[in-house]
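Report on the structure given below.
When reading the values below, keep in mind they use all heavy atoms of this one structure, side chains included, and skip hydrogens, waters and symmetry mates. We count ligands from 1, going down the list as the structure has it; atoms in each ligand are counted the same way.
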Amino acid sequence: MGADVSHRDALRVGVIGLGTIGRTHLAALRQAGIAELAGADPSPLAREAARRSFGIADYSDYRRMLDDERLTAVVVATPPRTHRELALLAIERGLGVLCEKPLALTVEECEDLVAAAQQAQRPFAVGFCHRFQPQVQSMRAMLLRGDLGAPILFHAAFVHGLTETDRSWLKDPAQAGGGVLVDSGSHAIDLFRYIIGEVHDVRGLTDLGFLDPGTVENSCVAVLRSGAVVGGIELSWRAPPWEGCVEVVGDGGRARVDYDGQSAQLHVRAQGAGWQQIPTDTTDRFAAQVAHFLACLRGDAAPLATAADGLEATRTWLRLYAQLDDPAGPAEEGNAS
Ligand SMILES: NC(=O)c1ccc[n+]([C@@H]2O[C@H](COP(=O)([O-])OP(=O)(O)OC[C@H]3O[C@@H](n4cnc5c(N)ncnc54)[C@H](O)[C@@H]3O)[C@@H](O)[C@H]2O)c1
């Protein structure tokens, strides 16, 4: 990687897609002191909202932004179907990339990005922002230190309501790749990999039973296995408000992160004591993610969530969909109804 930016150089970041998460990234970039910001979105409403809140230069066509602005990096914050094309173009232009999850919609698309990221001049990171949640970081550090003993069980639940943000592409499998399993499940699968390890086995059920072409699941329960550790993930976007939980049970203790909207608490029970709330850093995960990405651009850090991590998350939810689509598959064993 030969194009680190000197600490004295100003970083210039363009955000492609100025919707819900694009504007979250703009806020985090501003908070991190990045003055040189631009944005691109074909939607006049999205551009107007970004201009009003952040006073950025805005473009209806991302190619013009890449031509006109001397950018160091881009954030790809568009619907998943577009990620491969946009991220590859940014890499070709020599830019650093923070690409939102899911990295892309097929193993082949993800592999293209993994290969391009390996040759890229600047860092390539995937927006698995929950890795940056301070309580998740603390829980993982406790597990790595041995404070919880050897891990036995994992649990993650993300529950929210689509009515909170009505993004029509989310229910279009051609744009989104699937339903809640792709949307929130990408994070849950990534957390399992980040905290426990590689996924060796996966099984699941959705509210739809089998997936009919053109429909997507609203709720999903899946189990993952890594070695001897099994984990359950529960997802729904039919029940606002946004809440989440990530939990590890070890043979020497337990730790649980409870999310309530954007805030979270870490509780731990270890060494024979009762549950205790552990004080943690309260930095917002998007701010922490952007700060880390900027450190990567300056050559002070390496991406915590790489294109290879994006590939493995996509591979896992695709395995789950393949198993759901196969009536002879393991999901149907013992189903008497
Ligand atoms: N990390 C997280 O917690 C998190 C949360 C929400 C969304 N996301 C991810 O972020 C991405 C965007 O989601 P969102 O909720 O912001 O969606 P959104 O619909 O609110 O915004 C997407 C924007 O992209 C624009 N767009 C579409 N094609 C474009 C193109 N070719 N060039 C420029 N702009 C284009 C749309 O006009 C829209 O304004 C998705 O991949 C989603 O999964 C991640």
Side-chain angles (χ1 to χ4, degrees), residues 14-28 38-51 53 56 58-66 69 74-90 97-105 109-110 113 125-133 136 156 158 160-191 216 235 237 242 244 246 259 261-262 264 284-290 292-293 304-305 309-310 313-314 317:
V15 175
I16 309 180
L18 299 172
T20 314
I21 210 68
R23 297 205 289 273
T24 302
H25 287 297
L26 282 171
D41 197 306
S43 155
L45 278 180
R47 289 203 305 281
E48 163 64 19
R51 198 164 49 230
S53 300
I56 57 166
D58 65 280
Y59 295 81
S60 56
D61 184 344
Y62 64 90
R63 291 183 203 82
R64 269 211 57 204
M65 177 177 77
L66 300 186
E69 302 282 332
V74 295
V75 178
V76 175
T78 51
R81 167 60 63 206
T82 64
H83 289 181
R84 176 187 174 278
E85 179 191 329
L86 297 175
L88 282 180
L89 182 65
V97 179
L98 171 57
C99 180
E100 262 305 338
K101 47 58 57 173
L103 175 61
L105 299 185
E109 286 183 8
C110 290
L113 286 165
V126 179
F128 287 130
C129 56
H130 289 277
R131 290 191 181 211
F132 295 90
Q133 185 71 36
V136 168
F158 289 122
H160 60 108
L162 263 196
T163 48
E164 290 171 306
T165 50
D166 189 18
R167 295 157 288 171
S168 57
W169 61 263
L170 266 173
K171 287 206 153 199
D172 175 358
Q175 291 302 313
V180 74
L181 174 59
V182 181
D183 183 39
S184 311
S186 291
H187 286 304
I189 291 165
D190 181 65
L191 285 173
V216 294
L235 313 161
W237 61 23
W242 198 104
V246 183
Y259 294 73
Q262 291 309 311
D284 168 74
R285 61 179 172 277
F286 293 102
Q289 176 177 251
V290 153
H292 175 75
F293 182 57
L304 185 61
D309 293 314
T314 293
W317 56 253

Report task. Indicate yes or no for a side-chain donor-acceptor contact from R47 to the backbone of P42 under 3.5 Å, with no hydrogens or angles considered. Result -> yes
Query - Ion pair D190/K101, N-O distance below 4.0 Å - result: no
Query raised in the report: Are more than 12 heavy atoms from other residues, nucleotides or ligands located less than 6.0 Å from atom CZ of R64?
Result: no
Query raised in the report: Any idea which heavy atoms bring M65 and I16 closest together, and the distance?
Result: CE-CG1, 3.7 Å
Query raised in the report: Can you list the atoms of ligand 1 that are under 4.0 Å from a heavy atom of G127?
Result: 1 (N)
Report summary line: Contact region, F158 to ligand 1, non-hydrogen atoms below 4.0 Å, reads neither
Query raised in the report: Does H130 come within less than 4.0 angstrom of ligand 1, counting non-hydrogen atoms of the residue?
Result: no
**Report entry** Proximal ligand 1 atoms for A46, defined as those under 4.0 Å from one of its heavy atoms
**Finding:** 39 (O)
Query - D58/R51 ion pair, N-O < 4.0 Å - result: yes
Report summary line: For Y62, the ligand 1 atoms with a heavy-atom partner under 4.0 Å come out as 31 (N), 32 (N)
Query raised in the report: Which ligand 1 atoms, with their elements, are less than 4.0 angstrom from a heavy-atom of S43?
Result: 37 (O)
Report task. Do me a favour and list the nearest non-hydrogen protein atom to atom 39 (O) of ligand 1 with residue, atom name and distance? Result -> D41 OD2, 2.6 Å
Report task. Please examine the side chains of F286 and F132, heavy atoms only from C-beta on, and report whether any two atoms are closer than 4.5 Å. Result -> no
Requested in this report: Under 4.0 Å from a heavy atom of I16: give me the atoms of ligand 1 that qualify, with their elements.
Outcome: 32 (N), 33 (C)
Requested in this report: Could you name each residue pair satisfying salt bridge (charged side-chain N to carboxylate O under 4.0 Å, His left out) that touches residues 170-179, not counting sequence neighbours?
Outcome: none
Query raised in the report: So, the side chain of H187 versus the backbone of H130: is there a donor-acceptor pair under 3.5 Å, distance only?
Result: no
Report summary line: In terms of its nearest heavy atom to atom 42 (C) of ligand 1, the top option of E85, K101, H25, H83 is K101
**Report entry** Taking atom 14 (P) of ligand 1 as the reference point, the nearest protein heavy atom with its distance
**Finding:** R167 NH1, 3.8 Å
Query - Winner among H187, R81, E100 once heavy atoms are compared against atom 8 (N) of ligand 1 - result: E100
Report task. Decide whether the shortest distance between a heavy atom of W169 and an atom of ligand 1 is less than 4.0 Å. Result -> yes
Requested in this report: Determine yes or no for a side-chain-to-main-chain donor-acceptor pair under 3.5 angstrom, with H25 supplying the side chain and V75 the backbone.
Outcome: no
Query raised in the report: Hey, is the main chain of P44 close enough, under 3.5 Å, to the side chain of E48 for a donor-acceptor pair?
Result: no
**Report entry** Under 3.5 Å donor-acceptor, R81 side chain and A174 backbone
**Finding:** yes
Query - Proximity of A40 to ligand 1 by residue part, where a heavy atom lies under 4.0 Å - result: backbone
Query raised in the report: Evaluating non-hydrogen atoms only, which member of V126, I21, L170, T78 is closest to atom 40 (C) of ligand 1?
Result: T78
Query raised in the report: Considering only heavy atoms, which of P79, G19, P80, A50 lies nearest to atom 21 (O) of ligand 1?
Result: G19
Report summary line: Looking at G22, A77, G17, the heavy atom closest to atom 22 (C) of ligand 1 belongs to A77
**Report entry** atom 34 (N) of ligand 1: nearest protein contact (heavy atom, Å)
**Finding:** P42 CD, 3.2 Å
